[in-house]
Amino acid sequence: MIRVAFGQMYPKLLEPEENYLKAESLIEKAAENGARLIVLPELFDTGYNFENREEVESVAQPIPNGETTGFLVRMAKKHHIFIVAGTAEKDSLGRLYNSAVVVGPQGYLGKYRKIHLFAREKEFFEAGNLGFEVFHLGFARVGVMICFDWFFPESARTLALKGAEIIAHPANLVMPYAPRAMPIRALENRVYTITADRVGEERGLRFIGRSQINSPLAETLVEGSEDGEEVGIAEVDLSLARRKGLNDYNDIFRDRRPEHYAR
């Protein structure tokens, strides 16, 4: 059994340094309670409800050579923990992405750029162009998707087919549906999912909290409140995520008939 965690927080808009302090407290608590992996929300360091592109550019940073990645690497090394966290990325050409950084005790491991942009995100960010990737953390294979990616079953299915045993899901949820849907994403792919949401209100936009860790049996192992900054921890049995058989006759991957799925 392995312990994993979500960190649910209330980021302050356009104040990365204050948000680092909030995140540090959550990471420290998770590590003290034996978690090997913690997932932080989408855009944990910047806030979400930007007025214009200039605001995003004022806080977006390169990955891995920016302050946010440096902070996360320091925390991962200090607490001997793996971290997946959402941030605003600015690439070498000035393009902006809603991204997630993956780090561990050995340093920077990689990034994911959000593929399915939600609402006004399309005014600021480019759609992700790196595809869905599974990261090998030693104790588990972890895939990453961000917030609205959950709405598209292909996101989690692609990660599962690539070998993910856990799906890390940084989020800034405003619609009420994901807490009901994510146990099904876990079930239909026989994986664990960790949704790390934010809380609070930002320029009139309210976020729903209710971060979750879900099992391959559609169990919600732990769920956050609607308004609190907190850490949720659950023990996961990765052997369950590695077994795709339902009975002597059915296997969720071997029974797929992709020749009938094309349009």
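No hydrogens, no waters, no symmetry mates; every other heavy atom, side chains included, goes into these values.
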Asks: Rounded to the nearest 0.5 Å, what separation is found between the CZ atom of F151 and the OH atom of Y177?
Replies: 7.5 Å
Asks: Do N189 and R157 get their side chains close enough for a donor-acceptor pair, meaning under 3.5 Å?
Replies: yes
Asks: Taking atom CG of L37 and atom CD1 of I83, what is their separation to the nearest 0.5 Å?
Replies: 9.0 Å
Asks: Inspect the contact between K22 and E18 and indicate whether a charged nitrogen and a carboxylate oxygen are less than 4.0 angstrom apart.
Replies: no
Asks: Would you say V142 and I167 make side-chain contact, with heavy atoms under 4.5 Å?
Replies: no
Asks: Can N250 and D255 be said to form a side chain to side chain donor-acceptor pair (under 3.5 Å), step by step?
Replies: CA-CA 7 Å; N250 295 112; D255 284 356; 2.8 Å; yes
Asks: For the side chain of Q61 and the backbone of E67, is there at least one donor-acceptor N/O pair under 3.5 Å apart?
Replies: yes
Asks: Determine, step by step, whether I213 and V39 satisfy the side-chain contact (heavy atoms from CB on, under 4.5 Å) criterion, reporting the C-alpha distance in whole Å, the side-chain angles of both residues, the deciding distance to 0.1 Å, and the verdict.
Replies: CA-CA 10 Å; I213 301 175; V39 183; over 6 Å; no
Asks: Any chain of hydrophobic side-chain contacts (each under 4.5 Å) joining M75 to L109?
Replies: no
Asks: Check whether R206 reaches the backbone of V199 with its side chain - one donor and one acceptor, N or O, closer than 3.5 Å.
Replies: no
Asks: If you compare all heavy atoms of A5 against all heavy atoms of A30, which two are closest, and at what distance to 0.1 Å?
Replies: CB-CB, 4.0 Å
Asks: Can you sort out the partners of Y48 under ring pair (Phe, Tyr, Trp, His ring centres under 6.0 Å), two or more places apart, ordered by chain and number?
Replies: F207
Asks: Examine distances only and state if a side-chain atom of K90 and a backbone atom of E57 form a donor-acceptor pair shorter than 3.5 Å.
Replies: yes
Asks: L96 vs E89, test: side-chain contact (heavy atoms from CB on, under 4.5 Å). Steps then yes/no.
Replies: CA-CA 6 Å; L96 301 173; E89 177 191 2; over 6 Å; no
Asks: Determine whether a donor-acceptor pair (N or O, by modelled atom type, separation under 3.5 Å) exists between the side chain of E223 and the backbone of Q212.
Replies: no
Asks: For the pair R203 and L13, evaluate side-chain contact (heavy atoms from CB on, under 4.5 Å) and give the outcome as yes or no after the intermediate values.
Replies: CA-CA 9 Å; R203 291 174 172 165; L13 184 64; 3.4 Å; yes
Asks: Between E226 and R210, is there a salt bridge with N-O shorter than 4.0 Å?
Replies: no
Asks: Mark yes or no for whether S155, through its side chain, and F152, through its backbone, hold a donor-acceptor pair below 3.5 Å.
Replies: yes
Asks: For G143 and A164, which heavy atoms make the closest approach, and how far apart are they?
Replies: N-CB, 3.8 Å
Asks: Looking at every heavy atom in both R185 and P153, which two are closest together, and how far apart are they?
Replies: NH2-CG, 3.6 Å
Asks: With rounding to the nearest 0.5 angstrom, report the CD1 to CG distance, I27 to L40.
Replies: 5.0 Å
Asks: Taking the side chain as C-beta and beyond, is there a heavy-atom pair between T193 and I166 under 4.5 Å?
Replies: no
Asks: Answer yes if the ring centres of F148 and H116 are under 6.0 angstrom apart, and no otherwise.
Replies: no
Asks: Measuring from atom CG of D149 to atom CD of E42, what distance do you get when rounded to the nearest 0.5 angstrom?
Replies: 9.0 Å
Asks: So if you build clusters from Ile, Leu, Val, Met, Phe, Trp, Tyr with side-chain heavy-atom gaps below 4.5 Å, do I233 and F82 land together?
Replies: no
Asks: Answer yes or no: is there a side-chain heavy-atom contact under 4.5 Å between N19 and M9?
Replies: yes
Asks: Measure the CG-CD1 distance between N172 and I208 for me, rounded to the nearest 0.5 Å.
Replies: 10.5 Å
Asks: Check the pair H169 / M182 against side-chain contact (heavy atoms from CB on, under 4.5 Å), numbers first and verdict last.
Replies: CA-CA 10 Å; H169 181 215; M182 287 308 295; 3.8 Å; yes
Asks: Would you say N98 and R113 are linked by a side-chain donor-acceptor pair, where the criterion is simply a distance under 3.5 Å?
Replies: no
Asks: Is there a donor-acceptor pair closer than 3.5 Å between any side-chain N or O of Y112 and the backbone N or O of I115?
Replies: yes
Asks: Output yes when a side-chain donor or acceptor of E202 lies under 3.5 Å from a complementary backbone atom of N49, and no otherwise.
Replies: yes
Asks: List the steps and the verdict of side chain to side chain donor-acceptor pair (under 3.5 Å) for D197 and S211.
Replies: CA-CA 5 Å; D197 195 16; S211 301; 5.5 Å; no
Asks: Any sub-3.5 Å donor-acceptor pair from E55's side-chain atoms to E51's backbone N or O?
Replies: yes
Asks: Could you tell me whether R254 atom CZ has more than 12 heavy atoms of other residues or ligands within 6.0 Å of it?
Replies: no
Asks: Verify the cluster assignment for V144 and L238: are they in a single hydrophobic cluster under the rule of side-chain heavy atoms below 4.5 Å apart?
Replies: yes
Asks: Within the supplied structure, the quantity of interest is the number of heavy atoms (other residues, nucleotides, ligands) at a distance under 6.0 Å from N247 CG; does it exceed 12?
Replies: yes
Asks: Between Y192 and D237, does the side chain to side chain donor-acceptor pair (under 3.5 Å) criterion hold? Intermediate values first, please.
Replies: CA-CA 9 Å; Y192 288 93; D237 178 3; 5.6 Å; no
Asks: Charged N to carboxylate O under 4.0 angstrom, E121 versus K114?
Replies: yes
Asks: Charged N to carboxylate O under 4.0 angstrom, E123 versus R120?
Replies: yes
Asks: What about L221 and L187, same hydrophobic cluster or not, with Ile/Leu/Val/Met/Phe/Trp/Tyr joined at side-chain heavy-atom distances under 4.5 Å?
Replies: no
Asks: For R242 and E165, what are the C-alpha separation, side-chain angles and deciding distance, and is it a salt bridge (charged side-chain N to carboxylate O under 4.0 Å, His left out)?
Replies: CA-CA 7 Å; R242 294 165 184 156; E165 297 156 344; 2.7 Å; yes
Asks: Taking ring pair (Phe, Tyr, Trp, His ring centres under 6.0 Å) as the definition, give me every residue that meets it alongside Y108, ordered by chain and number, with sequence neighbours left out.
Replies: none
Asks: Looking only at heavy atoms, which two atoms of P41 and A171 are closest? And how far apart?
Replies: CB-O, 3.6 Å
Asks: Does CZ in F139 sit with more than 12 non-hydrogen atoms of other residues, nucleotides or ligands closer than 6.0 Å?
Replies: yes
Asks: Counting only heavy atoms not in Y261, do more than 12 sit closer than 6.0 Å to its OH atom?
Replies: yes
Asks: OG1 of T87 to CG of D45: how many Å apart, nearest 0.5 Å?
Replies: 3.5 Å
Asks: If Ile, Leu, Val, Met, Phe, Trp and Tyr residues are connected whenever their side-chain heavy atoms lie under 4.5 Å apart, and connections chain through other members, are M145 and V84 in the same group?
Replies: yes
Asks: So, for R243 and R190, which heavy atoms are closest and what is the spacing to 0.1 Å?
Replies: O-NE, 3.3 Å
Asks: Answer yes or no: is there a donor N or O on one side and an acceptor on the other, between the side chain of T158 and the main chain of E154, under 3.5 Å?
Replies: yes
Asks: When you measure from the side chain of N214 to the backbone N and O of A218, does any donor-acceptor pair fall under 3.5 Å?
Replies: no
Asks: Are F125 and Y97 an aromatic pair by the rule of ring centers under 6.0 Å?
Replies: no
